[in-house]
Amino acid sequence: MKVDFYTSTREYNDKKDEFNNAVLGVMQKGISMLGTEVTDFEKTVQEFTGAKYAIGVASGTDALVIASDILGFKDGKEVITSPFTFLASTSCIVKHSAKPVFVDIDEDTFSIDASKIEEKITKDTVGIIPISLFSQMGDMDKIMDIGDIHNLRVLEDSAESFGMRWKGKGKDYRHAGTIGDFGIFSFFPTKTLGAYGDAGMIVTNDEELARITKMYRVHGASKKYHYDYIGYNSRLDSMQAAILQVKIKYINESIKKREHIAKLYIDRLKECEFIKIPKIKYGQKPVYYVFNILAQRRDELCKYLKANEIGNSIYYPIPLHLQKCFEYLGYQKGDFPVAEKVAKNIIALPIYPEITGQEVEFVCETIKKFYKDGQIS
Ligand SMILES: Cc1ncc(COP(=O)(O)O)c(C=O)c1O
């Protein structure tokens, strides 16, 4: 049996007519930049997440760069974040010459260890970028408290977190990205809510931030050819918006299916002593965008799964403080032991709404066989 790590074709075949009609509809209506497809999708995201404002942009990376620019993450100021993530979570800080200051992660959530943030705050610190990875958020209550006490802006990198919800201090569940000053989503194709190309969104509850963001995505223009700021060309594409509007109709169903797959993995792998399965913390509602395990002999397991035609992936093999592009920051191996350990042991297994139970069983049996055979040899 061959198990794809990810495939878009099953979903496409299931909903072919809807996708085709959405795309054709955009073409038949005639080209429109930031047209009704975009505004409709923005409205749907507002309703789904509870954010007061949602502004579609070209990618999650652009969303981070634009939000960092607006929040003043620039000119030598320091922004606290964690090194175990995708490049864009930190490159957005550097783009306008601010300085990333890393804090190690919590091994369970893979997010910033909030108990270690305050010791890194200096007179130059202006913000925090917490990153919610794979299935859950870090300690958002503590992060927001630190932000309040020290007057720091919080930009949530919720690129991977569509659908995740946080239960804060007696309040209702709040959607990832709607807790800080700004939150961003990526609709990269493999994401829980994925387009057929690049797409992203910025969300905020602050009217003034939303007003400026709308200008920043169109070169900083308040109206055509009137530039209040030096902004970006970063519009959400109408075609992608039309596709996303189809997909978001099924989002609750696809989140449930992901949860079901995750439960199956957990159930089948929990007794395996060579593996650590994810632990959800802080009473939040997770969404299994990626299903990761921490595995002994990870690299051998990865090869073994590939040899058995089981797709897998490693997010993230090298923490950012050890990447060549960040050498100038002066960090050394050993500076963030949890991030480094996780990077050595983590492996992502196939998960998407259309994967079958039989395929998941096969993945689990193959993993168990690897360790069983390994024990004998
Ligand atoms: C944590 C994180 N931040 C930022 C991004 C950037 O998003 P995009 O690929 O849409 O530019 C991604 C995703 O790919 C991500 O996983």
Side-chain angles (χ1 to χ4, degrees), residues 5-6 8 38 41 45 54-69 71 73 79-95 100 102-103 105-106 109-112 127-138 140 143 154-164 176-177 179-180 182-203 217 232-237 239-241 243-244 247 286-292 313-321 323 325-326 339 342-343 346 348 351-352:
F5 181 65
Y6 166 75
S8 61
V38 174
F41 178 59
V45 170
I55 300 116
V57 293
S59 68
T61 302
D62 273 11
L64 283 167
V65 172
I66 294 171
S68 297
D69 192 352
L71 291 178
F73 295 175
V79 179
I80 294 175
T81 189
S82 49
F84 183 73
T85 180
F86 181 63
L87 177 87
S89 316
T90 296
S91 57
C92 64
I93 299 170
V94 178
K95 275 287 171 205
F102 291 127
V103 166
I105 55 165
D106 166 5
T109 62
F110 306 114
S111 274
I112 195 162
I128 310 174
I129 301 187
I131 310 147
S132 311
L133 293 174
F134 314 136
S135 59
Q136 63 179 315
M137 291 178 246
M140 284 309 297
I143 292 167
V154 176
L155 164 54
E156 290 179 73
D157 181 348
S158 30
E160 302 190 4
S161 332
F162 204 80
M164 292 180 199
I179 303 164
F182 270 130
I184 70 95
F185 300 119
S186 162
F187 303 119
F188 184 80
T190 57
K191 296 284 191 274
T192 304
L193 180 64
Y196 272 70
D198 281 310
M201 194 156 285
I202 299 176
V203 289
R217 77 171 159 184
Y232 302 78
N233 175 12
S234 185
R235 304 170 176 101
L236 173 58
D237 185 86
M239 201 84 89
Q240 301 304 339
I243 290 167
L244 286 162
K247 285 213 187 179
V287 170
Y288 290 92
Y289 158 54
V290 175
F291 189 86
N292 275 307
S313 192
I314 293 170
Y315 309 109
Y316 299 95
I318 307 171
L320 296 185
H321 68 287
Q323 296 281 356
C325 63
F326 292 126
V342 168
I346 201 159
I351 188 164
Y352 36 95

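Start at 1 and go down the list; that is how both ligands and their atoms are numbered.
One option in Ser186, Gly200, Gly194 has a heavy atom closer to atom 7 (O) of ligand 1 than any other, and that option is Ser186.
Annotation: side chain to side chain donor-acceptor pair (under 3.5 Å) contacts of Glu160 (sequence neighbours excluded): Tyr316. With sequence neighbours excluded, the residues forming a side chain to side chain donor-acceptor pair (under 3.5 Å) with Ser234 are Asp62, listed by chain and number.
Protein heavy atom in closest approach to atom 16 (O) of ligand 1: Glu160 OE2, 2.7 Å. With respect to atom 5 (C) of ligand 1, the closest heavy atom belonging to the protein is Phe86 CD2, 3.5 Å. For atom 3 (N) of ligand 1, the nearest non-hydrogen atom of the protein is Asp157 OD2, 2.8 Å. In this structure, the protein non-hydrogen atom closest to atom 11 (O) of ligand 1 is Thr61 OG1, 2.5 Å. The nearest heavy-atom contact from the protein to atom 13 (C) of ligand 1 is Lys191 NZ, 3.0 Å.
The closest approach between any non-hydrogen atom of Ser89 and ligand 1 is below 4.0 Å. Under the 4.0 angstrom criterion for non-hydrogen atoms, Asp62 is not in contact with ligand 1. For the ligand labelled ligand 1, residue Phe84 lies outside the 4.0 Å heavy-atom shell.
Residue Thr85 places no N or O, backbone or side chain, under 3.5 Å from any N or O of ligand 1. For ligand 1, the polar-atom distance check finds no N/O of Ala159 at less than 3.5 Å from any of the ligand's N/O atoms.
Numbered from 1 in the order shown, with element, the atoms of ligand 1 that lie under 4.0 Å from a heavy atom of Tyr316 read 16 (O). Annotation for ligand 1: atoms under 4.0 Å from non-hydrogen atoms of Leu64 are 4 (C).
Here Phe187 and Phe41 bring their ring centres to under 6.0 angstrom of each other.
A donor-acceptor pair is defined here as one N or O able to donate and one able to accept, closer than 3.5 Å; no such pair exists between the side chain of Gln240 and the backbone of Asp198. A donor-acceptor pair is defined here as one N or O able to donate and one able to accept, closer than 3.5 Å; such a pair exists between the side chain of Ser111 and the backbone of Ile131. In terms of modelled atom types and a separation under 3.5 Å, the side chain of Glu156 and the main chain of Ala176 share no donor-acceptor contact. Without hydrogens or angle criteria, Tyr6 side chain to Pro189 main chain gives a donor-acceptor distance under 3.5 Å.
In terms of heavy-atom proximity, Ser158 sits nearest to Gly177 at OG-CA, 3.3 Å.
Phe185 and Phe162 have perpendicular rings, their planes meeting at more than 60° on a 0 to 90° scale where under 30° would count as parallel.
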